[in-house]
Amino acid sequence: MSPADSGSRGSGRGDGGSRGAGRADGGARGTGRGDGGPRASGSGPRRQGPGRGSDQSRPRRRRPKVDAPRLAAYEVLRQVAGSDAYANLVLPNLLRDRDITGRDAGFATELAYGTLRLQGRYDAVLSQCTNGRPLSALDPEVLDLLRLGAHQILGMRVPAHAAVSETVALTRTVAGPAPAGLVNAVLRAVARTDLAGWLERIGEVADPDGTNQVARLSATTSHPEWITRALRQSLLADGRPADELGDLLDADNEPPRVTLVARPGLVAPQDLAEEIARESGQTAVPGRWSPFALVAAGGDPSRLPSVRRARAGAQDEGSQLVALALAAAPLAPPDEGEQRPTAGVDDADRATARQAGESPSGADQPHLSQAGERPAGDRAWLDLCAGPGGKAALLGALAHERGATLLANEVAPHRAGLVRGSVSAVPDGTVQVRVGDGRDLGEEMPGRFDRVLVDAPCTGLGALRRRPESRWRRTPADLTQLGALQRSLLASAVEATRVGGVVAYVTCSPHLAETRTVVEDALRRLGDVELLDAAAVVRSIAVTEPPGLGDGPFVQLWPHAHGTDAMFLALLRRT
Ligand SMILES: C[S@@+](CC[C@H](N)C(=O)[O-])C[C@H]1O[C@@H](n2cnc3c(N)ncnc32)[C@H](O)[C@@H]1O
């Protein structure tokens with residue numbers, strides 16, 4: 001392959017080829033085949049040794065050359081399918097281990113993530129190209145190779161002949177010569193029709209009568225039908241027209257922009273923008289909604305000194321807005337005569353220490369009493385489900401500015417460790433990290449907190465842009481299990497909140513079973529809570545008003561309308 005042959009305009013790998021370190025010699029390193037790579041027979045042109053005795057009588061066979069970024073993308077797909085791995089955890093390690101950088105890294109990333117996101121669309125296309133053979137009859141490895149080839153042809157604008165020949169070479173390397181003919185024939189058939197033609201065709205196959213928009217859009221935009229149906233219902237419940245559905249589904253297939261938060265009091269947005277320009281050559285512009293957001297066209301935020309020091313972080317603007325809304329929500333004064341400990345967090349110290357088997361006066365405990373003057377009735381904040389700590393860091397920074405404290409609770413110890421890293425730049429004495437089940441916290445510390453965040457574990461259907469494989473992994477059964485947990489966490493949060501205090505219930509899913517239904521159940525069951533108008537609070541803090549917020553009381557953000565994850569926010573006040 002000449003470098004120009006495999007150019008991916010879509011990925012920005014303008015020269016198309018994998019240069020230098022981007023080339024592997026075809027060994028099936030790390031493919032898990034355990035057979036030492038492709039067998040020599042039939043795997044490439046023979047090469048005669050020039051007059052070297054016995055070498056002359058035993059022709060050497062050359063292993064097919066394979067493109068390292070393509071091999072890396074293939075391995076990501078196999079690990080996602082075979083070991084339930086997360087692509088965004090597997091790929092960076094592979095790129096680092098193999099020294100795949102720059103444009104080659106961009107190509108591998110777009111190839112792996114794009115193939116995973118658009119797998120449903122490509123399966124619909126491929127099933128039209130296998131002469132009636134169902135895709136389920138193919139080896140899973142071969143199916144992944146075909147999907148990778150289809151994405152290069154239809155999603156990355158790699159010239160068809162390069163996409164086909166490179167995928168055939170990859171097939172020989174990772175699966176041996178047997179399936180190479182099939183891969184070649186199927187991908188040639190894919191390449192005979194352009195993307196627009198295929199979308200028309202697979203749409204008609206899914207919806208022959210033109211009466212089933214959900215089935216048609218599911219096939220063309222690559223979403224499982226149950227998700228498309230749920231998103232449609234959520235749009236309608238939010239007062240949005242059903243014809244936005246296509247835009248929403250398309251937005252799920254776009255990689256999100258790089259968004260950062262400049263944590264208040266720790267780094268100024270302007271200084272962070274200058275650092276981004278200096279370190280990565282990128283221009284970062286202020287976010288549309290959050291006063292602390294910066295948006296860059298690309299780059300790796302984890303390399304920035306301010307991010308490494310946790311003064312800033314990568315954080316979607318929707319996540320920033322919901323944390324800011326909790327901090328801005330109107331509290332009612334504590335009940336006359338209500339008696340409660342002054343800091344609230346002192347009890348958290350004791351609870352954390354009990355769990356960890358430590359003394360609360362241990363040397364590594366923050367000195368909470370050093371926090372600044374605390375406003376009466378607004379001094380103890382709680383993040384019930386804090387891991388990995390993006391919102392806890394923003395809330396912690398705000399709490400420090402306002403002389404309050406934050407207890408950041410997380411059930412998974414390793415995620416609690418991530419929270420500690422996220423909040424590490426917030427001056428000592430403000431944030432306490434606790435490892436524990438949030439469902440118990442309300443009973444352990446009833447009525448102790450003024451502001452409580454429940455960023456509930458959810459299906460993540462609002463963040464499909466970020467998690468390329470998750471739409472294929474989630475099932476409707478998850479809703480039942482998560483729904484019970486979400487209800488218990490919300491009930492515990494209300495119990496932990498003082499009368500007049502506020503709970504923010506947040507999900508990065510717009511699914512009604514995880515959003516309104518959970519909140520409406522809580523209002524019915526718990527009795528001593530009222531809904532606040534979350535839309536009014538978001539309007540009061542946003543730099544510009546996000547369009548279509550509606551009359552409240554709930555806030556639902558949308559990728560296609562706001563460029564954020566589809567975050568849901570309800571604000572409840574304890575009565
Ligand atoms: C949506 S994530 C929170 C994201 C976080 N607020 C942030 O902004 O980085 C939900 C978190 O809840 C945690 N979790 C799940 N069950 C929990 C429970 N019973 N108690 C406390 N945390 C729990 C999960 O481990 C996960 O870290």
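Just so you know, ligand 1 is whichever comes first in the structure, and atom 1 is the first atom listed for that ligand. Along the sequence shown, the residues carry numbers beginning at 1. The figures here come from the full heavy-atom set of this structure, side chains too, leaving out hydrogens, waters and symmetry mates.
- At a heavy-atom distance under 4.0 Å, only side-chain atoms of Asn409, from C-beta outward, approach ligand 1.
- A donor-acceptor pair shorter than 3.5 Å can be found between the side chains of Glu514 and Thr459.
- Salt-bridge annotation for Asp252 and Arg117: absent, with no side-chain N of the basic residue lying under 4.0 Å from a carboxylate O of the acidic one.
- Of the protein's non-hydrogen atoms, the one nearest atom 3 (C) of ligand 1 is Gly387 O, 3.0 Å.
- The distance criterion of under 3.5 Å between nitrogen or oxygen atoms is met by Asp437 with respect to ligand 1.
- Considering backbone and side-chain N/O atoms, Gly389 comes within less than 3.5 Å of an N/O atom of ligand 1.
- At least one heavy atom of Leu384 sits under 4.0 Å from some atom of ligand 1.
- At a heavy-atom distance under 4.0 Å, atoms from both the backbone and the side chain of Lys391 approach ligand 1.
- Between Glu275 and Ser306, the side chains place a donor N or O and an acceptor N or O closer than 3.5 Å (distance only, hydrogens not considered).
- Among all protein heavy atoms, the one lying closest to atom 20 (N) of ligand 1 is Gly438 N, 2.8 Å.
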ask   = Yes or no on side-chain hydrogen bond (donor to acceptor under 3.5 Å, both in side chains) for Glu75 and Gln79, after CA distance, side-chain angles and deciding distance?
value = CA-CA 6 Å; Glu75 290 177 16; Gln79 290 193 39; 5.3 Å; no
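- Relative orientation of the Trp226 and His511 rings is tilted, given thresholds of 30° and 60° on the angle between their planes.
- Among protein heavy atoms, the minimum distance from atom 12 (O) of ligand 1 is reached at Cys385 CB, 3.3 Å.
- Under the 4.0 Å criterion applied to side-chain N and carboxylate O atoms, Asp478 and Arg473 are not assigned as salt-bridge partners.
- When non-hydrogen atoms are compared, ligand 1 lies under 4.0 Å from neither the backbone nor the side chain of Cys458.
- The protein heavy atom nearest to atom 14 (N) of ligand 1 is Val411 CG1, 3.7 Å.
- For the pair Arg467 and Tyr113, the NZ or CZ position fails the cation-pi test of under 6.0 Å to the six-membered ring centre and within 45 degrees of the ring normal.
- Atoms of ligand 1 found under 4.0 Å from any heavy atom of Ala386, numbered from 1 in the order shown, are 5 (C), 6 (N), 7 (C), 9 (O).
- The protein heavy atom nearest to atom 15 (C) of ligand 1 is Pro457 CG, 3.4 Å.
- Ionic pairing of Arg524 and Glu520 is not present here: no N-O contact between side-chain nitrogen and carboxylate oxygen is shorter than 4.0 angstrom.
- Using cut-offs of 30° and 60° for the angle between ring planes, the His562 and Trp289 rings count as perpendicular.
- In this model, no donor atom of one side chain and acceptor atom of the other lie less than 3.5 Å apart for Asp247 and Trp558.
- For Gly390, a nitrogen or oxygen atom sits less than 3.5 Å from a nitrogen or oxygen atom of ligand 1, counting backbone and side chain alike.
- Look at Ser319 and you'll find every heavy atom at least 4.0 Å from all atoms of ligand 1.
- Proximity annotation for atom 11 (C) of ligand 1: of Gln320, Glu410, Arg439, Glu410 comes nearest, heavy atoms only.
- Of the N or O atoms in Asp383, none lie within a sub-3.5 Å distance of an N or O in ligand 1.
- For atom 6 (N) of ligand 1, the closest non-hydrogen atom on the protein side is Asp455 OD2, 2.7 Å.
- Counting heavy atoms under 4.0 Å from ligand 1, residue Ala456 touches it through the backbone alone.
- Between the side chain of Asp455 and the backbone N or O of Tyr505 there is no donor-acceptor pair closer than 3.5 Å.
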